[in-house]
Chemist: 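What follows is a single structure, and I will ask about it in a moment.
Remember, it's 1-based here, ligands and their atoms both numbered in the order they're listed. Counting from 1, the numbers follow the sequence of the chain as shown.
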Amino acid sequence: MSSANLSFDSLAVHAGRADLSDLGVHVPPLDLSSTSPLPDIELGGASYESMAGGGHPVDGGGHVYARLWNPTVARFEAALAQLEGTEEAVAFSSGMAAMTATLLAAKTETGGNHVVAVRPLYGGTDHLLASGLLGAEVTYCTAARVATEVRPDTCLVLVETPANPTLELVDIGAVVEAAAGRPVLVDNTFATPVLQNPAAHGASLVLHSATKYLGGHGDVVGGVVAGSAAWAAALRQVRAVTGALMHPLAGYLLHRGLTTLPVRVRAQQSSAEKLVAWLQTHPAVRRVFYPGAPDCDPTGLVGRQMRGCGAMLAIQLTDGYPHAVQVTNRVELFTHAVSLGGVDSLIQHPAALTHRPVAESARPGADIVRLSIGLEDPDDLRADLAQALG
Ligand SMILES: *Cc1c(COP(=O)(O)O)cnc(C)c1O
């Protein structure tokens, strides 16, 4: 059966496994080799040449060296590309390594050095751009200003939707139109390919912190970027030269994580929806940030761009920062920790932690806490929040 006919859930289970039958195995092998025996100088050299330029190994030429290619990671990449509906994907040692490689590749691919960054962004991304480490000139703006801010030397327009931590939705198609041909990168970490495929709306590049939902169990750090074969070659070239590799064990765990991604995301989303409905009526909560709330989605992107509202939410506390301290200290079932997207529920204070490096003018309020809803019984999660909110 051709994978083109398979539904998303079936693809999640079977993508990236085409070679397993021929190998005589049921699960993907974990290949830990740092080097590979060379067939001969000519073929090995040709394979090296191809991969150092961002290409695939040549037939019979072998993988040469683990910084150039790893079959376990390549299977995860192929699977993720299928779930995002792109030609290829390239995995990195972390989401930030993926972001760094993308910024470097965008510069070499377009010759430009100007980045338009739509705020709010993940604190680490904001920090990387503001640090000047990569030498790019950055204009921060809102989605509505992208058309005005792009320039002939703009090499990348960067956007995150739903945004972190305020869960505002950005119209990807509108940003792509405003970018007028410049490459648009969408950080799809919060939505996952289960709920949103940015490439279908014209994004050139789709980035994930695989550390979050793709892994889903809080035991892997990784990043991945999906896009065209040409972008993948540019990204692999950067990866081969700079060395921000995904470890094969991470690739193995992430590939396994994809098989349960649809059921995890839907179950977590269902619990989040129940908690949102309850939190919206709680006297200690001034405002709930969630894509399904009208002020997070004024133009109706849920249903059109996003297939559901997801399992991330944030709450603004009526009694401000002291109450945020109380709630994060008092939770028992929720873990007070950064990160998100795992099977267990987490709560954290963005202004003090994930968004600490962001310029004060763009930092989330001190009265906001962010919640990542896991797979626990939503009634238990509600009881925990009820006692923590006091
Ligand atoms: C965590 C995160 C990142 C960074 O990924 P790491 O794997 O921690 O390097 C990027 N974007 C978003 C939205 C994130 O949540």
Side-chain angles (χ1 to χ4, degrees), residues 73 76 80 84 89-104 115 117-131 133-134 156 158-170 172 184-196 198 203 205-226 235 239 242 244-247 249-251 253-254 257 265 268 289 291 306 310-314 337-342 346-351 353-358 362 364 368-374:
V73 173
F76 162 64
L80 192 272
E84 282 294 3
V90 184
F92 295 88
S93 51
S94 70
M96 290 318 300
M99 188 64 82
T100 301
T102 307
L103 288 162
L104 293 173
V115 174
V118 176
R119 268 179 171 153
L121 289 169
Y122 171 68
T125 305
D126 202 292
H127 191 192
L128 173 67
L129 292 169
S131 71
L133 269 175
L134 298 177
L156 194 66
L158 219 155
V159 53
E160 207 172 300
T161 178
N164 183 1
T166 50
L167 286 306
E168 290 153 57
L169 300 189
V170 176
I172 297 168
V184 173
L185 167 85
V186 176
D187 186 329
N188 205 29
T189 300
F190 272 36
T192 83
V194 179
L195 300 178
Q196 178 171 281
L205 295 153
V206 182
L207 182 142
H208 289 273
S209 167
T211 314
K212 316 294 169 51
Y213 283 101
L214 303 188
H217 294 72
D219 53 8
V220 193
V221 175
V224 61
V225 185
L235 288 162
R239 184 178 67 178
T242 61
L245 305 178
M246 171 170 284
H247 189 272
L249 178 57
L253 289 169
L254 290 168
V265 168
Q268 289 168 231
F289 302 90
M306 222 179 148
M312 293 300 300
L313 61 113
V338 300
S339 199
L340 60 107
L346 305 179
I347 186 167
Q348 69 107 11
H349 188 261
L353 290 142
T354 48
H355 292 65
R356 197 179 187 100
V358 178
I368 293 174
V369 292
R370 191 189 75 185
L371 289 76
S372 168
I373 306 306

Chemist: Leu129: which residues meet the side chain to side chain contact (heavy atoms under 4.5 Å, CB included) condition with it, sequence neighbours left out?
Modeler: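 Partners of Leu129 under the side chain to side chain contact (heavy atoms under 4.5 Å, CB included) test: Leu103, Val115, Ala117, Leu121, Thr125, Val138, Tyr140, Leu158.
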Chemist: Which protein N or O atoms sit under 3.5 Å from any N or O of ligand 1? Give each pair with its distance.
Modeler:
{"residue": "ligand 1", "atom": "5 (O)", "partner": "Ser209", "partner atom": "OG", "Å": "3.0"}
{"residue": "ligand 1", "atom": "7 (O)", "partner": "Gly95", "partner atom": "N", "Å": "2.9"}
{"residue": "ligand 1", "atom": "7 (O)", "partner": "Ser209", "partner atom": "OG", "Å": "2.9"}
{"residue": "ligand 1", "atom": "7 (O)", "partner": "Thr211", "partner atom": "OG1", "Å": "2.7"}
{"residue": "ligand 1", "atom": "9 (O)", "partner": "Gly95", "partner atom": "N", "Å": "3.0"}
{"residue": "ligand 1", "atom": "9 (O)", "partner": "Met96", "partner atom": "N", "Å": "2.9"}
{"residue": "ligand 1", "atom": "11 (N)", "partner": "Asp187", "partner atom": "OD2", "Å": "2.7"}
{"residue": "ligand 1", "atom": "15 (O)", "partner": "Lys212", "partner atom": "NZ", "Å": "2.8"}

Chemist: With a 4.5 Å heavy-atom cut-off, do Lys212 and Thr192 have their side chains touching?
Modeler: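 Lys212 does not reach Thr192 side chain to side chain.
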Chemist: Do Val159 and Ile172 have side-chain heavy atoms sitting under 4.5 Å apart?
Modeler: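 Side chain of Val159 against side chain of Ile172, heavy atoms only: no contact under 4.5 Å found.
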Chemist: Here's a test for you: under side chain to side chain contact (heavy atoms under 4.5 Å, CB included), which of Val220, Leu80, Thr211 qualifies with Leu254?
Modeler: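 Of the listed options, the one satisfying the test is Val220.
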Chemist: Nearest heavy-atom pair of Met246 and Val73: which atoms, and what distance?
Modeler: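 Here Met246 and Val73 meet closest at O-CG2, 3.6 Å.
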Chemist: Under a 3.5 Å cutoff, is there a donor and acceptor pairing between the side chains of Glu160 and Asn188?
Modeler: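 No.
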